[in-house]
Amino acid sequence: MLRVRFAPSPTGYLHIGSARTFVFNWLFARHNGGTMILRLDDTDVERNSQESVDSIFDGLKWLDLGWDEYYQQSDRGELHRRMANEIFAKGLAYRDFTPSVATDEEKAHTGGPWLFNADMRNLSPEESDRRAAVGEPFVLRFRVPRATRDWVKFDDLVYGEQSKSTADIEDFALLRSSGVPTYHMASCADDADLRISHIIRGQDHLTNTFKHVLIFEALGVEPPKFAHLPLLIAPDGSKLSKRKHGPVVSVTTYRDAGFLPHAFVNFVVLLGWSPKNDREVMTRQELVDAFTLEGVNRSNATINFSDEDPFDPKAVWLNAEHIRTMPVDELAKQLEPFVPKTDKLRQIAPLVHERIRLLRDAAGIGDFFFVDQLPPYDVNELIPQKGDLVLAKKALEGGREVLAQVEWNHDAIEAGLRAGAEKLKIKTGQMFQPIRVAVCGRKVAPPLFETLVVLGRETALDRIAKAIELI
RNA sequence: GGCGCUAUCGUCUAACGGUUAGGACGGAGCCCUCUCAAGGCUUAAAUACGGGUUCGAUUCCCGUUAGCGCUACCA
């Protein structure tokens, strides 16, 4: 049975990189008919927060992919400690009574790596038990078997054969002095207990994996398969961080700007994965069908944002593509939270359908639909190509006359206005443009006839009259 | 510092060792057109550097450089 998990730690909002890891896991599970598990890795009591938990759930729910099983590590401390003690009992871990090292300066070291404190590693069992019995705090460390084996190896499904010398792996902590298991311990214990078959996670864990292999072996279980994902980085090459790059790293920023969840999924899946057939705009099902780990590449992917534009242009384009292929009824529904309340949304939706890239764009492009009074605009805007205010006035008066009596539908309005232009001996564009500005308040707007239909005769005539007064 | 990973257009990426190095976004131009958008067509733009191996390297190996990751009780 194929089982994968996404295991965020609730120490911040849901990060775009985390969201992508979730997506890769989900796609892998669905493609192979496996089980998707969500597990909250909340062993760091110092940094956990409820807001963070909420934010992660918010983000994941917005992604709308779902999961099959849910666990949180704080409920499973017993299991972790039991497994840690099992390792200790086998003699594969030892107590380290060294006081915790607080500062980076103290941690700093030159030359080779820090591996262990010899006097702690070699403490006699009696001495160790005695000090523990009197309550002296200690960290439980894994005893890396450097004397009996040279290499730790595993075969990464993305990065291939990996090996590291035991001489380069330090005696890492399993249990903190507080008794709380570390990430390494809790994660492996849960992965073993939950019978996770594939661990798909960020490449930042690639070197940690050697430690994990050691833990699985100490536990006497077959390690899962590993697949590490290339990281998402900022345009300056640094890793994405809230402090440095701001809200662009949070998925809620995408949600609030009016990305469609699936467009977001489509975007992030293309960062580090390719279907290898030049397809880019894909439905959820197409993604599930096409997704394989073989398509994952090994180099980090840059999210191309800037100060002027917080979103990668490709993400925006993909969003526009998905908006355009979405049914109008659905669009109207999605638009609701992004525009002022109106009973004409269903009519407005088709007019912005292929003109918006983010849902929030609709409020700007369709602004004149949402107000009773048009905000002031420069009277010169009314002047058409190769014309002047006199011509503008002529067009507006002629147009108003037509619109006052024409049957109120697209074809009749078009026919009427075209005939009107001919009668006035002006170009159709010279007729349409002043009317457009009069009813929309600006030169760039959705197609005129549809717009007039939605606006209604009364509003249209009223706005044209006001424009004529301006001149 | 040590260890590990990576390196194709500005960005995301494709290319059983043999291609005019392909696609997409973004840019530029043209067409269509009631403005905008969409759409169509055209175009500029890349194999980090140096050595090998090979008849032939984007592709395999080594080195350099650069970036990223991990590095004594964050995950």
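Chain A is the first sequence line, chain B the second, and so forth, proteins listed ahead of strands; every chain is numbered from 1. Only heavy atoms go into these numbers, but all of them, side chains included; no hydrogens, no water, no symmetry mates.
Comparing B:C25 with B:C34, their P atoms sit 26 Å apart, to the nearest whole Å. As rounded to the nearest Å, B:A45 and B:C9 have P atoms that lie 14 Å from one another. For the P atoms, the distance from B:C61 to B:A46 is 26 Å, rounded to whole Å. The separation of B:G23 from B:C41, taken at their P atoms, amounts to 12 Å, rounded to a whole angstrom. If you take atom C1' in B:U11 and the same atom in B:G51, they sit 31 Å apart, rounded to whole Å.
Salt-bridge annotation for A:E321 and A:R324: present, with a side-chain N of the basic residue lying under 4.0 Å from a carboxylate O of the acidic one. Salt-bridge formation is detected for the pair A:D171/A:R146: a Lys NZ or Arg NE/NH1/NH2 atom is positioned less than 4.0 Å from an Asp or Glu carboxylate oxygen. In summary, A:D190 and A:R5 do not engage in a salt bridge, as defined by a charged side-chain N under 4.0 Å from a carboxylate O. Look at A:K239 and A:D204 and you find no salt bridge, because none of the NZ, NE, NH1 or NH2 atoms lies under 4.0 Å from a carboxylate O.
If you check every strand for non-hydrogen atoms under 4.0 Å, A:F116 touches nothing. Among the protein residues, A:N297 comes within range of the sugar-phosphate backbone only, with heavy atoms under 4.0 Å from sugar or phosphate atoms but none that close to a base. Across all strands, A:R298 comes closer than 4.0 Å only to sugar-phosphate atoms, never to a base (heavy-atom distances). As judged by a 4.0 angstrom heavy-atom cut-off over every strand, A:K276 is placed among residues touching the sugar-phosphate backbone only. Residue A:A301 is in sugar-phosphate contact alone, with no base atom involved, counting any heavy-atom pair closer than 4.0 Å across all strands shown. No contact: A:R279 has no heavy atom under 4.0 Å from any strand.
Nucleotide B:C32 has no partner under the Watson-Crick or G-U criteria, as no pair reaches both atom distances under 3.5 Å. Pairing for B:A66 goes to B:U6, judged as Watson-Crick or G-U wobble with the two contacts each under 3.5 Å. When both pairing distances are held under 3.5 Å, B:C60 makes a Watson-Crick or G-U pair with B:G52. B:U43 and B:G27 make up a base pair, with Watson-Crick or G-U wobble contacts both under 3.5 Å.
Inspection of the A:Y70 and A:Q72 side chains reveals an N or O donor paired with an N or O acceptor under 3.5 Å.
One atom, CG of A:L115, and another, C1' of B:G2, lie 10 Å apart when rounded to the nearest Å.
A residue-by-residue look at A:S178 and A:G295 shows that A:G295 has its nearest nucleotide of RNA chain B further toward the 5' end. With the nearest nucleotide of RNA chain B identified for both A:D41 and A:T428, A:T428 has the one nearer the 5' end.
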